[in-house]
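Throughout, a chain's letter reflects where its sequence line sits, starting with A, and its residues are numbered from 1. Computation of the quantities below employed the complete heavy-atom set of this structure, encompassing side-chain atoms and omitting hydrogens, waters and symmetry-equivalent molecules.
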Number of protein chains: 2
Amino acid sequence: MKNMNASSDRLKESKEEFIAQWGALGTQWGINRTMAQIHALLMISPQSMCTDEVMEELEISRGNAHTNLKELVAWGLVRMVVIKGDRRDYYEAEKDVWQIFRIIARERKRREIEPALALLSKCAEETKGLKGEDARAFHKQVSELQDFVGMASHLSDRVAAMKHSFALQIASKLLG
Amino acid sequence: MKNMNASSDRLKESKEEFIAQWGALGTQWGINRTMAQIHALLMISPQSMCTDEVMEELEISRGNAHTNLKELVAWGLVRMVVIKGDRRDYYEAEKDVWQIFRIIARERKRREIEPALALLSKCAEETKGLKGEDARAFHKQVSELQDFVGMASHLSDRVAAMKHSFALQIASKLLG
DNA sequence: CATATTTTTCATAATATACTGAAAATACAG
DNA sequence: CTGTATTTTCAGTATATTATGAAAAATATG
């Protein structure tokens, strides 16, 4: 039994570090700490969890837990599940790595790429015919950015639409 | 002359909107608003600019201008240039789109991918041999994430090392 | 070296973001 | 309907991030 305890301590510690650090990383990724922590917690939880369990595990308020659980559901990273005989809402995380990647890629494209593209298109359009060295230079720079970001946007769609196995093939080819 | 003025007004407006919006976008990208605005300003400026010009154009304080110019130089998105007969430091932006992409990709990899990979490797390592259903599940999930993020890291390096033309070829193939 | 100009630093202020706790709304069982 | 469990909202508070402005340090000039 001594072994058993040491071993389950190791697991517990590792899980806790994972959750804490994944939360800190979330900040860099533009998601807030709590949301990332909840995501980590659910990702490594064998069972689905209810709001109170999440609150207790992460020592956060009900409002905070609720808001971020809803946000995760809105992203599609977490699903609500019903456990019969229990009135509470339970939550479980999407665990498939490729699926997680696609969801995050979609969201980041929406927040980071699409608004940039809209801006660049507008500026390129507005200054299309203008004469003068300055105007030309501005239009050129903006157009180049537009082309690049536009291509990135398309690529992102294509990759996200791929099956995992096919994406792996391409990745291997690039790395090999 | 009427035309000339209308036309240069259009240009000025478009430039100002570009700067303002690019700044707002910066926030989404994890860089602060001012840094993104200065970058935008220098990117579309035909000449290099000194700190005072940047301050005046964006209506920001000296400290703010200074800090963010230094940060942009540290990233490699902006270079300091010397103008003879002038004691002040002048700055000009990198304008090549592919180069800009590489610099940003490098920085984001450093901030977003590498720490994640380190965490995942640590957690995978710590729980490698552990018995028990929970431990196995944790190890599996973490290892899958590790594999995926590791591959993303390599891919990022490979793409950033490519010549623009070659990257374009690959992109075309994927889009075609 | 004395002075003028420019750069850098940093304590304080302003702003933006996230969290709490409790009240309001809703769902359910008896 | 009434009481209880659960979810949702939100005003107030706390935390973290950015910006200011003035003073200090560094640098150039004659």
Side-chain angles (χ1 to χ4, degrees), chain A residues 19-42 48-75 78-92 107 111-112, chain B residues 19-42 48-75 78-92 107 111-112:
Chain A
I19 292 168
Q21 294 267 72
W22 197 256
L25 280 171
T27 312
Q28 301 291 354
W29 282 70
I31 354 178
N32 83 35
R33 202 177 59 248
T34 306
M35 185 169 154
Q37 281 181 342
I38 297 178
H39 180 229
L41 174 63
L42 290 175
S48 59
M49 299 176 82
C50 67
T51 308
D52 293 76
E53 287 166 342
V54 171
M55 284 167 60
E56 185 178 358
E57 194 72 36
L58 302 179
E59 302 182 49
I60 58 175
S61 72
R62 180 173 303 283
N64 196 10
H66 177 262
T67 305
N68 286 295
L69 279 166
K70 282 288 127 115
E71 190 69 8
L72 283 164
V73 171
W75 278 47
V78 164
R79 280 179 292 275
M80 246 186 63
V81 294
V82 183
I83 290 191
K84 59 181 177 184
D86 196 329
R87 282 168 62 176
R88 287 169 297 184
D89 293 343
Y90 279 76
Y91 301 91
E92 70 179 15
E107 192 63 22
R111 298 201 308 182
E112 300 179 0
Chain B
I19 292 168
Q21 294 267 69
W22 198 256
L25 280 171
T27 312
Q28 301 290 353
W29 283 71
I31 37 181
N32 84 32
R33 202 176 60 249
T34 306
M35 186 170 153
Q37 282 182 343
I38 296 178
H39 179 228
L41 174 63
L42 290 175
S48 61
M49 299 176 82
C50 67
T51 307
D52 293 77
E53 287 165 344
V54 171
M55 285 167 60
E56 185 178 356
E57 194 73 36
L58 302 179
E59 301 182 49
I60 59 175
S61 72
R62 180 173 303 282
N64 196 11
H66 177 261
T67 304
N68 287 294
L69 278 166
K70 281 287 126 114
E71 190 68 8
L72 283 164
V73 170
W75 278 46
V78 164
R79 280 179 293 274
M80 245 187 63
V81 294
V82 183
I83 290 192
K84 60 181 176 184
D86 196 328
R87 284 165 62 172
R88 288 169 296 183
D89 292 343
Y90 279 76
Y91 301 91
E92 70 179 16
E107 192 64 22
R111 298 201 306 182
E112 300 179 1

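Under the salt bridge (Lys or Arg N to Asp or Glu O under 4.0 Å) criterion, A:R62 pairs with A:D52, not counting sequence neighbours. Considering only residues two or more places apart in sequence or on other chains, B:E112 meets the salt bridge (Lys or Arg N to Asp or Glu O under 4.0 Å) condition with A:R108, B:R108. Applying the salt bridge (Lys or Arg N to Asp or Glu O under 4.0 Å) test to B:E56 and every residue at least two apart in sequence or in another chain returns nothing.
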Side-chain donor-acceptor pairs under 3.5 Å in residues 30-41 of chain B, sequence neighbours left out?
residue, atom, partner, partner atom, Å
B:N32, OD1, B:T34, N, 3.1
B:N32, OD1, B:M35, N, 2.9
B:N32, ND2, B:N68, OD1, 3.3
B:T34, OG1, B:N64, ND2, 3.4

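Summary of helix geometry: the two end axes of the helix from C:dC1-D:dG30 to C:dG30-D:dC1, each defined by five base pairs via their C1' atoms, are inclined to each other by 20° (rounded to 10°).
For residues 85-92 of chain A, proximity to DNA chain D is found at A:R87, A:R88, A:D89, defined as any non-hydrogen atom under 4.0 angstrom from a strand atom. Taking every heavy atom of residues 21-42 of chain A and every atom of DNA chain D, no pair lies under 4.0 Å. Contacts with DNA chain D (heavy atom under 4.0 Å) in residues 60-70 of chain B: B:I60, B:S61, B:G63, B:N64, B:N68, listed by number.
The shortest side-chain heavy-atom distance between B:S48 and B:Y91 does not fall under the 4.5 Å cut-off. The closest side-chain heavy-atom distance from A:V78 to A:E92 is not below 4.5 Å.
To the nearest 0.5 Å, atoms OH (B:Y90) and CE (B:M49) are separated by 9.5 Å. Atoms CD and CG, on A:E57 and A:L42 in that order, are 10.5 Å from each other to the nearest 0.5 Å.
Boundaries of the chain B contact region on DNA chain D are D:dT18 to D:dT29, first to last in 5' to 3' order (nucleotide atom under 4.0 Å from a heavy atom). In 5' to 3' order, the nucleotides of DNA chain C bounding all contacts with chain A (an atom under 4.0 Å from a heavy atom) are C:dA18 to C:dC28.
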Run the numbers on A:V73 and A:R79 for side-chain contact (heavy atoms from CB on, under 4.5 Å), then give the verdict.
CA-CA 6 Å; A:V73 171; A:R79 280 179 292 275; over 6 Å; no

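Within the structure, salt bridge (charged side-chain N to carboxylate O under 4.0 Å, His left out) contacts touching residues 81-90 of chain B (residues at least two apart or in different chains) are B:D86-B:R88. The side-chain hydrogen bond (donor to acceptor under 3.5 Å, both in side chains) contacts involving residues 21-31 of chain A comprise nothing, where partners must be two or more places apart or lie in separate chains.
Among all heavy-atom pairs drawn from A:S61 and A:M55, the shortest one is O-CG, 4.0 Å.
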